[in-house]
Amino acid sequence: MTVVMHQPAPLPTALASLPAAPAMLSGRETEVARILSTLRPVVSRQPSGSGPAAAAPGRDALPPVLVASIGGLAGVGKTALALTAGHAATEAGYFDGSLFIDLHGYDESPVQSGQALEAFLRALGVAHDAVPEAAEERAALYRTELAALAGQGRRLLIVADNASSADQVRLLLPGDSAHRLLVTSRHTLATLNARLLDLGVLGPQAAVALLRHALLTADPTDRRVTEAGTALEELARLCGCLPLALHISAALLILEPCQTIAELNAELATAQSRLSYLDDGERAVRASFDLSYRRLPPDHAALFCLMALNPGPDIGLGAAAVLADLPLPAVRIVLRSLVQAHLLDRVNQRWSMHDLVRDYASELVHSVSNPPQHTAAEGTGPEAPEQAGQHRRLMEHYATTAVSACARLGVQAASPVPGDFTDRNEALAWLDDERANLTGSVAAAADAGHHDIAVNLPVVLYDYLTWRGYYDDLISVTTTACRIAHQSGALAAEAGAWNNLGIALSEASRYEEAFRAYDRALDLFTSLGNDNERGKVLNGIGLALRESGRPAESLRAHQEAVAIQRVTGDQREQAAALNNLSLAHQDLEGYAEACAAADEAASLFQQLGDTANEASALCTTAFALQARGRPEDARAACRRALTASRAAGNPLVEAATLMTCAQLDNLNPQQQIEYLLQAEAACERANAAELRAAALSGIGAALTTAGERDQAVVYFGRAQSLLEELGLTEQAAEVGEAIATLQS
């Protein structure tokens with residue numbers, strides 16, 4: 001009898017398990033290149049005679065790493081990037097095969113390390129009954145199998161998708177340097193000894209390209225794409241350029257072929273929650289965020305929700321500590337954790353949220369019912385009364401700190417106190433950083449019923465916003481103050497708010513609106529019997545009348561204002577009215593009266609120690625003297641004005657004074673250029689872009705007069721570029737005409 005021996009067939013392997021890469025990966029070329037550079041194998045130079053040598057890396061090259069980790073917000077496209085880079089690396093010959101596993105790290109039942117190792121061992125051809133029970137033993141066998149493949153000259157790419165922690169993937173690290181592990185996670189896995197890549201949202205153009213590709217893939221004849229105009233850009237913006245949201249929006253349009261892109265945009269823009277719309281039945285942005293939120297410890301989840309109460313786009317460490325009611329070191333730890341989870345972004349010690357993440361946090365903080373539960377511990381959303389208290393505490397923090405900061409902008413700033421700002425520059429830096437939060441606090445306080453903050457904070461911010469020239473912000477916050485003060489029956493506060501609104505509207509050249517605001521303020525102050533404030537309003541009305549081309553009416557308003565302030569004894573307001581009275585006299589060619597009024601104004605400001613306004617009054621004096629035919633006295637007044645403006649410490653005041661000096665008669669082009677160059681530098685320090693453009697244009701004009709045509713074109717060109725950046729197209733076109741004339 002013949003016995004036939006059958007050799008057992010080799011166990012099957014699955015060493016090409018990467019899922020398909022997306023058909024298009026928009027806007028990720030740089031990131032793919034970075035991943036490929038990490039995955040590229042590096043072979044050490046072999047000794048002579050030991051075989052073919054590979055080029056050794058240069059001395060400045062980064063050392064090879066076994067692990068690369070892609071981190072980022074849920075839905076940002078980490079898996080798509082990993083698959084695209086993985087297939088590209090395989091096609092380039094970096095690897096002979098691949099292993100892939102989705103670890104479901106943020107699901108209720110994530111894949112454990114031992115389970116992942118079992119799957120990989122089966123894929124490597126290990127029989128089921130040969131797989132050890134213990135995870136550590138499985139890891140040892142896994143590394144052994146990989147080493148055997150490396151000994152055969154084979155390299156594998158191992159992709160562990162959707163890991164929630166370094167511990168979940170640590171046992172999956174290959175022991176042999178021939179292989180590479182590529183991990184994706186919503187967390188930055190800083191302890192994995194990996195090359196880290198944090199993936200951000202797409203740029204606007206790449207987001208539009210993704211939408212366009214998705215729609216045309218479904219239907220190449222979809223006319224909505226070609227007829228969209230700017231609607232695709234708007235849809236990308238409403239989706240926050242988050243790839244998951246973009247894909248869902250495209251799917252919604254595909255499912256509704258009769259709906260226009262503009263109609264979807266309108267639904268998203270007006271929806272109480274965009275997250276409710278960003279759900280195509282299979283994918284949902286809210287559900288994706290839920291998975292990240294559930295992984296947070298309760299105290300981290302609490303601060304994450306509270307961040308939605310911040311009125312501006314970002315928050316500083318001090319405000320976050322106030323909001324969380326935690327010491328600075330403790331809140332820093334929580335913020336670091338939220339950044340690691342990609343639920344917050346951090347730039348220059350400022351923390352912010354993606355728009356859709358902020359929507360999600362806002363839903364949680366305003367919900368007292370059933371927020372997603374945490375897997376780490378029991379936790380619920382904040383109760384309404386507690387939330388209101390935390391919101392109030394944050395508003396009070398911004399308001400009280402603004403009082404301290406704005407006090408540093410005054411002529412006679414208070415002496416430093418513990419916790420106070422030490423100087424003007426420190427105060428301005430804080431105000432600049434917090435500007436959006438401060439202006440946003442006014443509207444937020446009004447909505448939340450914190451009427452005292454809504455009415456008083458605009459008054460506090462007045463000096464800062466006028467100092468920086470942020471008149472649109474001043475109009476916005478002061479309009480709110482007018483409304484809330486009226487609702488509260490606070491007549492004096494309402495009158496003051498209307499006066500400040502009139503000033504802001506005048507500065508924005510919205511004169512008819514300014515007159516209505518001033519009239520309302522005048523009526524209220526008259527009813528209150530407050531002559532001093534009534535005089536201030538008349539001074540503002542006079543300025544608006546002059547600037548709108550009504551000099552005779554302006555003169556009468558200023559004369560009345562001066563008369564009132566002489567009676568009240570308010571020297572500062574008397575000086576301000578006298579300075580403006582001088583300007584009105586000059587408009588009507590009453591130069592002797594103009595010189596007398598300006599001299600008195602400058603003298604009063606000097607007595608008060610108000611160097612900024614003294615500089616302004618001295619400039620007024622200079623023009624009055626020049627008009628009277630006294631050029632030497634005019635230049636002397638300008639020199640005094642420059643000294644005063646520099647003592648004021650405000651680059652905007654210095655720039656305005658220098659530009660005034662440059663306009664004096666009997667200056668040669670070089671003298672004008674010297675003044676204007678200093679003015680341009682001061683404008684840059686003051687962040688006064690429009691005034692800086694005027695200084696650059698002035699330099700161009702002076703160079704033209706001096707016959708320096710090529711140099712004039714350079715300065716005119718800089719002015720034109722700046723005006724275009726500001727959206728001032730008409731002024732930019734005028735400068736362009738000057739350039740064309742010089743080049744003709």
Side-chain angles (χ1 to χ4, degrees), residues 269-275 302-325 331 335 344 350-368 381-406 430-462 464-465 470-488 490 493-494 497 500-501 504:
T270 58
Q272 186 174 2
S273 170
R274 280 180 288 178
L275 301 179
L303 180 55
F304 169 71
C305 295
L306 289 174
M307 292 286 280
L309 297 177
N310 190 57
D314 59 16
I315 192 170
L317 184 64
V322 169
L323 188 58
D325 197 18
V331 81
L335 290 170
L344 291 183
R350 307 284 301 177
W351 287 264
S352 62
M353 288 177 163
H354 183 273
D355 286 350
L356 295 177
V357 175
R358 186 183 179 93
D359 285 355
Y360 177 77
S362 182
E363 285 186 6
L364 293 177
V365 80
H366 291 109
S367 169
V368 295
E383 295 295 325
E386 182 184 354
Q387 169 199 323
Q390 289 158 328
H391 193 207
R392 170 79 191 189
R393 188 169 64 234
L394 181 64
M395 299 298 102
E396 287 177 344
H397 163 76
Y398 284 130
T400 56
T401 314
V403 169
S404 179
C406 289
W430 183 84
L431 289 164
D432 288 340
D433 284 343
E434 302 294 352
R435 173 184 154 207
N437 286 320
L438 292 168
T439 55
S441 289
V442 176
D447 292 342
H450 307 315
H451 289 175
D452 55 332
I453 295 174
V455 172
N456 295 328
L457 184 54
V459 179
V460 173
L461 295 176
Y462 177 87
Y464 165 66
L465 294 175
Y470 296 136
Y471 293 109
D472 287 342
D473 283 350
L474 184 57
I475 289 168
S476 176
V477 298
T478 309
T479 298
T480 300
C482 291
R483 174 172 57 85
I484 298 302
H486 180 73
Q487 291 175 3
S488 304
E494 183 186 354
N500 287 347
L501 181 58

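These numbers come from the heavy atoms of this one structure, side chains and all, not from hydrogens, waters or symmetry mates.
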Give me the atom names and distance for the closest heavy-atom approach of [X] to [Y].
X    : Y    : result
A320 : L303 : O-CD1, 4.3 Å
M353 : R358 : SD-CA, 3.7 Å
A485 : V455 : N-CG2, 3.7 Å
L323 : R393 : O-NH2, 3.0 Å
L275 : L356 : CD2-O, 4.0 Å

With side chains defined as the heavy atoms from C-beta onward, is the minimum distance between [X] and [Y] less than 4.5 Å?
X    : Y    : result
N500 : P458 : no
P311 : L394 : yes
E434 : T401 : no
Y470 : T439 : no

In Å, rounded to the nearest 0.5 Å, how long is the span from [atom1] of [X] to [atom2] of [Y]?
X    : Y    : atom1 : atom2 : value
E363 : C305 : CD    : SG    : 11.0 Å
I453 : S441 : CD1   : OG    : 8.0 Å
L344 : S352 : CG    : OG    : 7.5 Å
H366 : S273 : NE2   : OG    : 12.5 Å
D359 : Q272 : CG    : CD    : 11.0 Å

Task: Sequence neighbours excluded - side chain to side chain donor-acceptor pair (under 3.5 Å) pairs with any residue from residues 471-480 - done: R435-D473

Task: Sequence neighbours excluded - side chain to side chain donor-acceptor pair (under 3.5 Å) pairs with any residue from residues 303-325 - done: N310-Y398, N310-N437, D314-R350

Would you give me the side-chain donor-acceptor pairs under 3.5 Å for residues 444-451, sequence neighbours excluded?
| unit_1 | atom_1 | unit_2 | atom_2 | d |
| --- | --- | --- | --- | --- |
| H451 | ND1 | S488 | OG | 3.4 |

TODO: With sequence neighbours excluded, tell me which residues meet side chain to side chain contact (heavy atoms under 4.5 Å, CB included) with D432.
DONE: Y464, R468

Open item on the list: My understanding is that only residues two or more places apart in sequence, or in another chain, count here; which of them pass side chain to side chain contact (heavy atoms under 4.5 Å, CB included) with A402?
Closed with: W430, L438, L457, V460, L461

Just to verify, what does [X] make a side-chain hydrogen bond (donor to acceptor under 3.5 Å, both in side chains) with, not counting sequence neighbours?
X    : value
H486 : E494
Y462 : none
N456 : none
E396 : R392

Task: Listed partners of W351 passing ring pair (Phe, Tyr, Trp, His ring centres under 6.0 Å), at least two apart - done: none

Task: Contact list for residues 475-485, test salt bridge (Lys or Arg N to Asp or Glu O under 4.0 Å), sequence neighbours left out - done: none

